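Before any comments, here is the structure.
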Amino acid sequence: MERNLALLKVKEQLTEHRYNHTIGVMETAIILAKKYGANEKKAELAAIFHDYAKFRPKEEMKQIIMDQKMDARLLQFNSELWHAPVGAFLVHKEAGIEDEEILDAIRFHTSGRVGMTLLEKVIYLADYIEPGRHFSGVEEVRELAEKSLNDALKKSISNTIFFLMKKGQPVFPATFHTYNDLIMNSED
């Protein structure tokens, strides 16, 4: 799918603020893909569609999770996680994207997973460090991303885990497992 068509399709689903975020993620994903050798076209498309389901009603997302037999544990955790796997399903169904690498990058951009592909790492990190993001720790991760994709990813995931712990919120198991996998198997 061509960039402008993809952006038009996504714009219908998002608020103006979230659309601007998506543009930032797209531009950052292309930069990271170039730097680390990921497929730039796939990074561009995955970034454009990463938040496709962000504003779908919670009941619709819950139903899709159940109907499609997605990880049922998702329903026990913050609904902010849901838009990623639901988004991958809807991007395939509604936008006709069939490339599993792109769909997996969308599917795992909130939780991560053990054995993340290069494209999945690029999208996860681009979502975290895009220029519109302003929160404690993001600058350090941006600096790390200049030198090491894996070091930046480890720091972004540890920041997320600490943030959730400080708020007394549960951490989705896949996120812990992703962190451990990166620590134990990290190479750039």
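Quick note: residue numbers are just sequence positions, from 1. Because the structure is predicted, anything quoted here is derived from the model rather than measured.
- Counting only distance, with no hydrogens or angles, the side chain of Thr178 and the backbone of Ala174 share a donor-acceptor pair below 3.5 Å.
- For Lys41, the NZ atom is densely surrounded, since the number of other residues' heavy atoms within 6.0 Å is greater than 12.
- With sequence neighbours left out, the ring-ring contact (aromatic ring centres under 6.0 Å, His included) criterion links His21 to His50.
- In this structure, Leu14 is a member of the same hydrophobic cluster as Met1, with clusters built from ILVMFWY side-chain heavy atoms closer than 4.5 Å.
- By the criterion of side-chain heavy atoms lying less than 4.5 angstrom apart, applied directly or through intervening Ile, Leu, Val, Met, Phe, Trp or Tyr residues, Leu144 is not grouped with Val122; the two fall into different hydrophobic clusters.
- The aromatic ring centres of Tyr52 and Phe89 sit 6.0 Å or more apart.
- Heavy-atom contacts from other residues, nucleotides or ligands closer than 6.0 Å to CZ of Phe55 number more than 12.
- Scanning both residues, Thr28 and Pro131, for their nearest heavy atoms gives OG1-CD, 3.4 Å.
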Audit row: Lys155, Glu139, salt bridge (charged side-chain N to carboxylate O under 4.0 Å, His left out) steps and yes/no: CA-CA 11 Å; Lys155 186 62 178 168; Glu139 281 304 324; over 6 Å; no
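- Residues Arg107 and Glu100 form a side-chain contact, since some pair of their non-hydrogen atoms from C-beta on lies under 4.5 Å apart.
- Rounding to the nearest 0.5 angstrom, the gap separating the NZ atom in Lys69 from the CG atom in Asp67 is 7.5 Å.
- Contact of the Arg113 side chain with the Asp104 side chain is registered, since non-hydrogen atoms from C-beta on lie closer than 4.5 Å.
- The local environment of NZ in Lys93 is sparse, with at most 12 non-hydrogen atoms from other residues, nucleotides or ligands closer than 6.0 Å.
- Around atom CD of Glu16, no more than 12 heavy atoms belonging to other residues, nucleotides or ligands sit under 6.0 Å away.
- Follow the hydrophobic side-chain contacts under 4.5 Å out from Leu118 and you never reach Ile31; the two are in separate clusters.
- In plain terms, the two heavy atoms of Ala33 and Ala43 that are nearest each other are CB-CB, 3.8 Å.
- Val138 and His134 make their closest contact through CG1-CA, 4.4 Å (heavy atoms, listed as atom of the first residue, atom of the second, distance).
- Considering every non-hydrogen atom in both Ala47 and Ile123, the closest pair reads N-CD1, 3.7 Å.
- Residues Leu45 and Phe49 are in side-chain contact: their nearest non-hydrogen atoms beyond the backbone lie under 4.5 Å apart.
- Counting only distance, with no hydrogens or angles, the side chain of Lys42 and the backbone of Glu101 share no donor-acceptor pair below 3.5 Å.
- A donor-acceptor contact shorter than 3.5 Å links the side chain of Glu130 to the backbone of Gly132.
- Heavy-atom contacts from other residues, nucleotides or ligands closer than 6.0 Å to NZ of Lys62 number 12 or fewer.
- Two different hydrophobic clusters hold Ile106 and Val114 under the rule that ILVMFWY side chains link at heavy-atom gaps under 4.5 Å.
- Judged purely by distance below 3.5 Å, without hydrogens or angles, the side chains of Asp51 and Tyr19 never pair a donor atom with an acceptor atom.
- Tyr124 meets the ring-ring contact (aromatic ring centres under 6.0 Å, His included) test with no other residue; sequence neighbours excluded.
- Heavy atoms from other residues, nucleotides or ligands lying under 6.0 Å from CE of Met165 number 12 at most.
- The salt bridge (Lys or Arg N to Asp or Glu O under 4.0 Å) check on Glu40 picks up nothing, with sequence neighbours excluded.
- Between the side chain of Asp99 and the backbone N or O of Ile102 there is at least one donor-acceptor pair closer than 3.5 Å.
- When side chains are defined from C-beta on, Phe77 does not count as touching Ser111, because their heavy atoms never get closer than 4.5 Å.
- In this structure a side-chain-to-backbone donor-acceptor pair under 3.5 Å is present from Arg142 to Ile129.
- Counting heavy atoms from C-beta on, the side chains of Ile23 and Leu7 come closer than 4.5 Å.
- Transitive grouping of hydrophobic side chains (ILVMFWY, heavy atoms separated by less than 4.5 Å) keeps Val25 and Ile157 in distinct clusters.
- Annotation: cation-pi pair Arg73/Phe172 present, NZ/CZ under 6.0 Å from the ring centroid and within 45° of its normal.
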List the steps and the verdict of side-chain contact (heavy atoms from CB on, under 4.5 Å) for Ser156 and Leu125. CA-CA 7 Å; Ser156 68; Leu125 196 56; 4.1 Å; yes
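- Between Pro85 and Leu74 the shortest side-chain heavy-atom distance falls below 4.5 Å.
- Heavy-atom minimum distance, Ala105 versus Leu119: CB-CG, 4.0 Å.
- By the ring-ring contact (aromatic ring centres under 6.0 Å, His included) test, Phe108 pairs with no residue at all, sequence neighbours left out.
- Within the 4.5 Å cutoff, side-chain heavy atoms of Met116 are placed close to those of Leu153.
- If you check the side chains of Gln13 and Arg18, you find no donor sitting under 3.5 Å from an acceptor.
- A distance-only check finds a donor-acceptor pair linking the side chain of Arg133 to the backbone of Asp127 [under 3.5 Å].
- Remark: Asp181 engages no residue in a salt bridge (Lys or Arg N to Asp or Glu O under 4.0 Å) (not counting sequence neighbours).
- With sequence neighbours excluded, the residues forming a salt bridge (Lys or Arg N to Asp or Glu O under 4.0 Å) with Arg3 are Glu44, listed by chain and number.
- No side-chain donor-acceptor contact under 3.5 Å links Trp82 to the backbone of Lys58.
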